[in-house]
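Read through the structure below, which is laid out as structure tokens, and then see the notes.
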2 protein chains.
Amino acid sequence: MATGRTHRPATRSRGIPEATVARLPLYLRALTALSERSVPTVSSEELAAAAGVNSAKLRKDFSYLGSYGTRGVGYDVEYLVYQISRELGLTQDWPVVIVGIGNLGAALANYGGFASRGFRVAALIDADPAMAGKPVAGIPVQHTDELEKIIDENGVSIGVIATPAGAAQQVCERLVAAGVTSILNFAPTVLSVPDGVDVRKVDLSIELQILAFHEQRKAGEEAAAAEPGAVIQTPKESGKGPDGDVPAVMPA
Amino acid sequence: MATGRTHRPATRSRGIPEATVARLPLYLRALTALSERSVPTVSSEELAAAAGVNSAKLRKDFSYLGSYGTRGVGYDVEYLVYQISRELGLTQDWPVVIVGIGNLGAALANYGGFASRGFRVAALIDADPAMAGKPVAGIPVQHTDELEKIIDENGVSIGVIATPAGAAQQVCERLVAAGVTSILNFAPTVLSVPDGVDVRKVDLSIELQILAFHEQRKAGEEAAAAEPGAVIQTPKESGKGPDGDVPAVMPA
DNA sequence: CAATGTGAAGTAATTCACAGCG
DNA sequence: CGCTGTGAATTACTTCACATTG
């Protein structure tokens, strides 16, 4: 684990808050839609509504990028699209590799949103020799043996891991050793990476669990509201899980 | 949009911070792994490392759930698994429906992590009549016409939207009208829902854009470090995007 | 005068650091 | 004596509210 400094070591740089960075793609998407409808300008109010945030937050976010609006008028759509794209580094194209071409990997390969915004699938990689050569989304799958060569020859710095959990850390290490410095991880594992490598994770199961938490709470509140002091009844379809495990352990 | 109060209306309830809730599934996963290896207890330090957070944060998180540890010893793995599962509402099973059985929907249907933790795929729904009856992951796809009936009969309160962006809002409205109160949205759109309905979104393209931002920054820093005052060179594979669009617009 | 841009105020999340307990 | 549990300090993020400006 080394001595601290796991995150952004306050690198002087024009520090745009992480929360703001995470919203820029949202604004960009809304702006792109407006642009396609040839809308020339938007107010912070309108754009915020389209992006699903409130307008003060949006204006504050934009203030970190610079003063790109016009008081009394709003923002020029095209201009803002360009500025945000540039800020996000989307004016260049980023070759990415997808490792693990199972159901999910194939879905990702076929996902249109990839190409549309500055990303290009440079290669599909899978450990199964039987997959090698088979085209997925028009791209022939290559064997894991080629991983380092592919990364190097294509100058890939972003990798997507869609392998089973058990293979993820190893794949991650090979990607990093080969020069990848940003990883999008779909495998349900915590990846450990050296400093300087960014990892973002997408985990279906975690999202569902978070929803379940809120769902349960809603059910509890309902019950509580209906009959104060009532036992909390599990919502709809109550039946317990398959392995009806009970605490059993109870520390002194 | 109504008048304010869009989020958690401070419902008295033992308020667990949202950030903590989002980490509970992570702890649970790490604990489950320990449990499978028959590890009886863990310290906050060890568990935190396994979950990829720091130990102070973990202890603070657990403190919202109660005092489940033993000073000088650590946490009882089994007991903690149970407590977190209960807190997340995973001791019951949640029937979910997946709407939109394209590449992604099929990948989700096949995803094992579903069943393992309290979720059960109650139905797969698609608008394409040609899909109807075809089994995906062993479950026959049903037509959208059946949506309301399926939700109702199975007591579904969680829906997963994996349709194209254009269909998402409409599907969402039907789900909500039929009684769904939690939605996991994979379509790249902002869904608008009435109060009391939770939406979480997963957007591949947004994650990649966030990575691109950091990636670009790294490249800039490298260049700056190497030669102070140098023009920032785009990293590897510089070539501009296909449509070499330039600002063009520049507000007075 | 409408709508941006932003200090200041408010709220949430993280981290520190150590008292207290087993 | 080691490790939890937690107040206090810190840092990050959001929201308010309004002076400023095209």
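It should be emphasised that the depicted structure is a prediction, and the values quoted were computed from it without experimental measurement. Sequence lines set the chain letters: A, B, ... in the order given, protein chains first and strands last, and positions in each chain run from 1.
In this structure, B/Ile16 places its CD1 atom 15 Å from C1' of C/dA12, rounding to the nearest Å. Separating the CD atom of A/Glu46 from the P atom of C/dA3 is a distance of 8 Å, rounded to the nearest angstrom. Put simply, CD on B/Gln83 is 16 Å from C1' on D/dG5, counting in whole angstrom units.
An OP1 or OP2 oxygen of C/dT15 is reached within less than 4.0 angstrom by a side-chain nitrogen or oxygen of B/Asn54.
In this structure, the side chains of A/Phe119 and B/Ser205 stay at 4.5 Å or more apart for every pair of heavy atoms. With contacts defined as side-chain heavy-atom distances shorter than 4.5 Å, the pair A/Leu34/A/Val81 does not qualify.
A distance of 10.5 Å separates OG1 in B/Thr91 from CD in B/Gln83, rounded to the nearest 0.5 Å. Separating the CG atom in B/Asp203 from the CG atom in A/Leu26 is a distance of 8.0 Å, to the nearest 0.5 Å. The distance from the CZ atom of A/Arg23 to the CD1 atom of A/Ile84 is 12.0 Å, given to the nearest 0.5 Å.
Checked against the 6.0 Å centroid threshold, B/Phe62 and B/Tyr68 do not count as a close aromatic pair.
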Worksheet item: How would nucleotides 4-11 of chain C be written as a contact map, 5' to 3', with B for base contact, S for sugar-phosphate-only contact and - for no contact, using protein heavy atoms under 4.0 Å?
Response: BBBBB---
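Scanning for side chain to side chain donor-acceptor pair (under 3.5 Å) contacts around A/Arg117 gives an empty result, with sequence neighbours left out.
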Worksheet item: Checking side-chain contact (heavy atoms from CB on, under 4.5 Å) for the pair A/Trp94/B/Gln209: CA distance, chi angles, key distance, verdict?
Response: CA-CA 10 Å; A/Trp94 297 95; B/Gln209 289 173 45; over 6 Å; no
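Contacts of residues 20-35 of chain A with DNA chain D (heavy atom under 4.0 Å): A/Arg23.
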